[in-house]
Every structure is written in structure tokens, then in C-alpha cells.
Amino acid sequence: MSTIGQVIKCKAAVAWERGKPLCIEDVDVAPPKVHEVRIKIIATGVCHTDWEYLYETEKGMKFRPFPLVLGHEAAGVVESVGPEVTKFSPGDKVIPLFLPQCGECKRCQCPKTNHCRKNWENTQMGVLADGTSRISCKRQQVFQFLGVSSFSEYTVVPDTSLAKIRSDAPLDKVCLLGCGVSTGYGAAVNTAKVEKDSLCAVFGLGAVGLAAVMGCQVAGAKRIIGVDINPDKFEKAKAFGATECVNPRDHSKSIQEVLVAMTDGGVDYALECVGSPDVMSAALESTADAWGTCVIAGWTETEEMKVKVLKILMGRTLKGTYFGGEPKMRSINKLVDDYMNKKLKLDEFVSYSLPLDQINVAFGLLKSGKSIRTVINL
Ligand code: NAD
Ligand code: ZN
Ligand code: ZN
């Protein structure tokens with residue numbers, strides 16, 4: 001029986017309040033409205049940012065309304081489309097984008113950024129263009145995380161926040177391009193613009209950091225120093241291209257002093273993939289004073305990082321990256337092709353595959369450092 005135009009009843013992991021584990025609930029997913037697409041989510045990664053919004057809201061993260069369906073690193077199949085949708089049809093394989101690409105606004109016209117602001121205030125506050133969400137539970141509106149909400153069997157997203165991908169792509173792997181891998185890889189390749197034979201340091205060797213290591217390697221870096229306080233991450237980092245790894249806890253000096261000594265003056269590129277203001281300062285100070293570039297990929301919304309003026313004055317550059325710095329509706333298919341042509345690793349990021357009802361286990365595996373990514377199969 002066709003579900004087109006009908007409310008779909010399905011399972012979702014609902015965050016009823018911040019700081020509490022997710023609950024598997026029966027939810028109603030309304031049909032898509034104008035310029036919206038309803039997707040059946042097939043697979044979703046569990047990203048550190050999901051954890052941060054659940055457990056750090058109003059600490060490191062700004063206020064977000066609850067109840068909320070988290071999840072933003074996903075792949076699925078179009079179930080139905082709303083009025084005026086021209087680029088998607090039922091059956092298309094797609095990756096939802098937590099950062100839209102309307103193609104029309106001032107920012108979409110500017111090649112320097114991927115920061116489209118279409119529906120920005122709404123999606124940040126968990127609703128779509130008309131100010132409401134399409135997901136409800138127990139007759140209550142459930143907010144949509146970054147306008148996506150992939151911890152649900154079905155969701156509805158704006159047609160400007162969706163990329164159509166090739167039909168032979170395995171969704172349980174390419175879902176990782178919906179956030180972590182695209183972010184870390186893009187941080188190195190697009191934002192830092194790592195050069196051949198350069199010296200790089202990557203702080204934090206989770207999915208974002210490993211993808212940054214991979215980006216540095218593809219760019220031809222000569223040395224890629226992985227930095228993590230969890231030495232269990234080192235073996236994998238070396239498989240991704242790290243030439244050496246350092247645990248800051250093994251040294252009495254600060255990590256920036258250790259890296260400056262190791263590289264005779266500092267690295268050319270430092271990529272922060274932790275989300276800690278102290279690590280951000282350390283990453284900046286580990287770069288070569290006359291030309292080093294530090295890119296921040298780690299996420300925090302309310303905290304401040306300390307920057308000694310002299311560290312910038314001498315010629316360093318400090319940058320940030322959001323979703324890897326490139327408009328994904330255009331670039332994600334290149335990454336999918338690279339994966340299909342074995343030029344980009346994705347399988348190696350997947351530590352566990354679990355069903356939706358194990359979502360809290362997946363958060364535990366991420367926080368304990370036992371997983372790089374757990375992929376939830378819906
Ligand atoms: P993760 O938890 O898998 O990895 C973080 C790694 O940092 C872990 O290996 C941990 O051991 C390590 N770490 C913790 N403290 C450290 C320290 N003091 N020094 C060195 N290493 C340390 O997380 P992830 O999913 O890879 O995400 C990393 C960060 O990137 C998070 O802050 C996340 O919110 C952010 N993020 C940003 C974007 C973006 O668009 N900029 C997108 C996705 C994720
Ligand atoms: Zn735009
Ligand atoms: Zn993410």
C-alpha cells in the first residue's frame with residue numbers, strides 16, 4: 001500500500017530531555033510540504049556532535065528545544081516528495097545535509113564559503129521552513145535536529161538540504177559522508193589546503209581526525225603526526241596515513257612544545273578535531289610561527305579559546321571549517337565516486353553496526369573511545 005500523502009508511523013529514538021538516554025518510540029512522520037522530501041533512512045552514523053547536543057546543551061552547546069530526534073550523518077531512499085520538488089523522485093538514493101545549499105543566496109553565490117543560510121534559524125531551532133517539525137510523538141511536536149533527524153526510520157528534509165547520489169552506493173558506508181568523514185577530509189583538503197611535502201599534526205583521532213589524516217595523506221603531506229590522549233587510536237591512525245603518533249600524557253612539556261621540538265619549529269598545518277578550547281590553543285601554537293595554519297573542526301558553541309596575539313602577529317593563520325568547507329550537494333558525489341573507486345576509505349571507520357534500539361550503546365562506545373563510528377541500520 002502506498003504511503004504517499006499519508007502519515008507514516010515508525011520507530012525513532014527520541015531525546016525527551018537533555019542529559020538523558022534516548023527512548024525508542026513510535027512516532028508519526030507527516031507527509032512532506034512544499035519543497036520538502038520524505039526519506040526512508042537506511043543507515044546513520046553516530047557523531048560526537050549528536051552526543052554533545054544531548055549531553056552538553058547549555059554547557060558547551062547553545063540551547064536547543066526538546067523533545068528532539070537527533071542524528072545527522074545518514075543515507076536513505078526518497079519515499080515521497082512534496083509540491084514543487086523537481087530534483088528528487090521516489091526511489092532516489094540520497095544523503096541529507098545538515099548545511100543546506102539553496103544555490104541562490106549571497107553565500108551560495110560566493111565560492112569562498114559553503115555556509116548557505118537558507119532556513120538557518122529554523123533548522124537550528126529544530127523546525128522546517130514553516131516553523132513546525134514533521135515528526136510527532138504522543139501528540140507532541142518533536143524537534144528535528146539541524147533539520148535532519150536521522151535517528152528515525154523516516155524523516156522529512158528541505159529539498160535544499162539533500163544530495164542525490166549514485167544508485168549503486170552502499171548506504172551503510174556512504175552515510176559517513178553526511179558529516180564526519182566529509183568534515184575531517186575537507187578540513188585538510190579544502191580549508192587548510194594542505195600542500196605536498198608539508199608537515200601536519202592532527203589533534204583527536206576519532207572519525208573527524210582520521211578523515212583529516214586521510215586528507216593530509218591524499219594531499220601528499222610528508223609527515224602526519226597524530227595526537228590523542230587515547231593510545232588505542234594510534235594503530236588505526238597509522239593505517240590511515242599518520243607517520244607517527246604522540247600522546248600528550250606521555251610528556252611533561254606541553255604538546256605544542258613537543259611538536260615544535262619534533263618538527264624543528266612547528267608544523268605547517270595543525271587540524272583540531274577534538275572540540276576543546278585548550279586543544280585549539282595548543283594546535284595553533286604547534287604551527288610554524290611565520291606561516292603555520294591551524295584549522296578548527298572540533299565543535300563548541302559557548303566556550304572561548306585563548307589566542308596570544310603574538311602567536312598570530314608573526315604570521316600564523318587561524319581558520320574554522322563547517323562540514324569540510326565545500327558545498328556538499330556538488331562535492332559529495334565526487335567523494336562517493338572516490339569511495340567506489342577505492343580512493344577514499346570509509347569501511348575502515350565503521351567499528352560497529354547496530355540496530356536502532358542499541359543507540360545508547362552506540363553513544364557509550366563513542367564516549368569510551370571503543371568505536372570510531374557505529375553505524376545504526378534502520
Ligand atoms: P570522537 O569522540 O570520535 O573523537 C574525538 C577524539 O579526540 C577521541 O579520539 C579522543 O580520545 C580525542 N581527545 C579527547 N581529548 C583530547 C585531547 N586533550 N588531546 C588530544 N585528543 C583528545 O569525535 P568525532 O566524531 O571525531 O568529532 C570530533 C569533533 O568534531 C567533535 O567536537 C565534533 O562535535 C566535531 N565535529 C565538527 C564538525 C564540523 O562541521 N566542524 C562536524 C562533525 C563533528
Ligand atoms: Zn544558499
Ligand atoms: Zn556530525
Side-chain angles (χ1 to χ4, degrees), residues 44-53 56 60-61 70-74 97-110 113-120 145-146 148 150 158 160-161 175-187 191 201-213 226-234 236-237 245-249 254-256 271-283 286 295-301 303 319-329 349 351 362-363 365-374:
T44 177
V46 177
C47 174
H48 198 125
T49 312
D50 295 309
W51 184 92
E52 283 175 347
Y53 279 103
E56 296 278 314
M61 296 291 138
L70 288 159
H72 61 285
E73 185 179 82
L97 308 173
F98 61 86
L99 180 62
Q101 197 193 317
C102 77
E104 288 167 3
C105 72
K106 194 169 146 190
R107 289 166 175 225
C108 283
Q109 302 293 325
C110 171
T113 185
N114 62 344
H115 290 225
C116 172
R117 284 287 161 134
K118 177 98 176 173
N119 301 328
W120 180 257
F145 183 49
L146 304 180
V148 178
S150 57
T160 45
S161 300
C175 62
L176 302 183
L177 295 172
C179 182
V181 176
S182 293
T183 296
Y185 189 79
T191 310
V202 176
F203 291 73
L205 301 170
V208 176
L210 291 176
V213 168
V227 180
D228 203 297
I229 51 171
N230 179 357
D232 294 347
K233 305 276 173 138
F234 294 166
K236 194 141 233 176
C245 289
V246 184
N247 182 349
R249 291 182 175 163
S254 70
I255 183 65
Q256 52 270 50
L271 299 136
E272 200 276 356
C273 305
V274 177
S276 148
D278 289 342
V279 179
M280 293 170 189
S281 303
S286 71
V295 173
I296 290 169
W299 201 281
T300 175
E301 293 178 342
E303 295 167 291
K319 300 171 99 175
T321 192
Y322 189 48
F323 204 3
E326 238 191 346
K328 284 293 165 313
M329 217 183 277
F349 286 91
S351 313
F363 274 139
L365 290 166
L366 180 72
K367 280 315 282 178
S368 65
K370 292 197 179 89
S371 74
I372 299 300
R373 276 293 189 262
T374 298

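Order of appearance sets the numbers: ligands from 1, and atoms from 1 within every ligand.
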| Could a heavy atom of Lys367 be found less than 4.0 Å from some atom of ligand 1? | no

| Should His48 be counted as touching ligand 1, given the test is an N or O pair under 3.5 Å? | yes

| request: Decide side-chain hydrogen bond (donor to acceptor under 3.5 Å, both in side chains) for Glu326 and Tyr185; before the verdict, give the C-alpha distance in whole Å, the side-chain angles of both, and the deciding distance to 0.1 Å. | output: CA-CA 11 Å; Glu326 238 191 346; Tyr185 189 79; over 6 Å; no

| query | Is the shortest N/O to N/O distance between Leu366 and ligand 1 below 3.5 Å? | reply | no

| Does Thr300 use its side chain to pair, donor to acceptor, with the backbone of Gly275 at less than 3.5 Å? | no

| Under 2.8 Å from the Zn ion (ligand 2), which protein atoms of type N, O or S occur, listed by chain and number? | Cys102 SG, Cys105 SG, Cys108 SG, Cys116 SG

| Can you find an N or O of Ile372 that's nearer than 3.5 Å to an N or O of ligand 1? | no

| query | Does ligand 1 have an atom that lies less than 4.0 angstrom from a heavy atom of Cys273? | reply | yes

| task | List the closest protein heavy-atom neighbour of atom 43 (C) of ligand 1: residue, atom name, distance to the nearest 0.1 Å. | result | Cys179 SG, 3.1 Å

| Taking His72 as the fixed residue, which of Phe98, Trp51, Phe323, Trp299 is the one that meets the ring pair (Phe, Tyr, Trp, His ring centres under 6.0 Å) rule? | Phe98

| remark: Of all protein heavy atoms, the one nearest atom 11 (O) of ligand 1 is Asp228 OD1, 2.7 Å

| Does an N or O anywhere in Gly209 fall below 3.5 Å from an N or O of ligand 1? | no

| request: Check whether any N or O atom of Tyr322, backbone or side chain, sits under 3.5 Å from an N or O atom of ligand 1, and answer yes or no. | output: no

| said: If you consider just the N/O/S atoms, which atom of His72 is the closest one to the Zn ion (ligand 3)? | reply: NE2

